[in-house]
Amino acid sequence: MFGSRLGLRGEVRYTGYLAEDWISFNLKDEGVFVPVRVDNDEVNLSLTLAWYF
């Protein structure tokens, strides 16, 4: 709180995603092979200024 009516709120959020390996399509006879690897983590920061009345 800053004074009696103004406040600041903060939030940190971590999201971890599992790694996945897959093939979007596989046409080996045609010579087309598309492997895909997904692996991602995120960190989000949020700040909120609140006016109380």
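A quick note: this is a predicted structure, and the numbers were derived from the prediction, not measured.
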Please indicate whether L8 has more than 12 foreign heavy atoms, meaning atoms of other residues, nucleotides or ligands, lying under 6.0 Å from its CG. yes
CG of D41 to CG of L18, rounded to nearest 0.5 Å, is 9.5 Å
Does F53 share a hydrophobic cluster with M1, counting links as ILVMFWY side-chain heavy atoms below 4.5 Å and allowing steps through other members? no
Mind checking whether Y17 and Y14 sit in one hydrophobic cluster, side chains of I, L, V, M, F, W, Y counted as touching below 4.5 Å? no
Say you draw a straight line from CG of L45 to CD of E11; how long is it, rounded to the nearest 0.5 Å? 9.0 Å
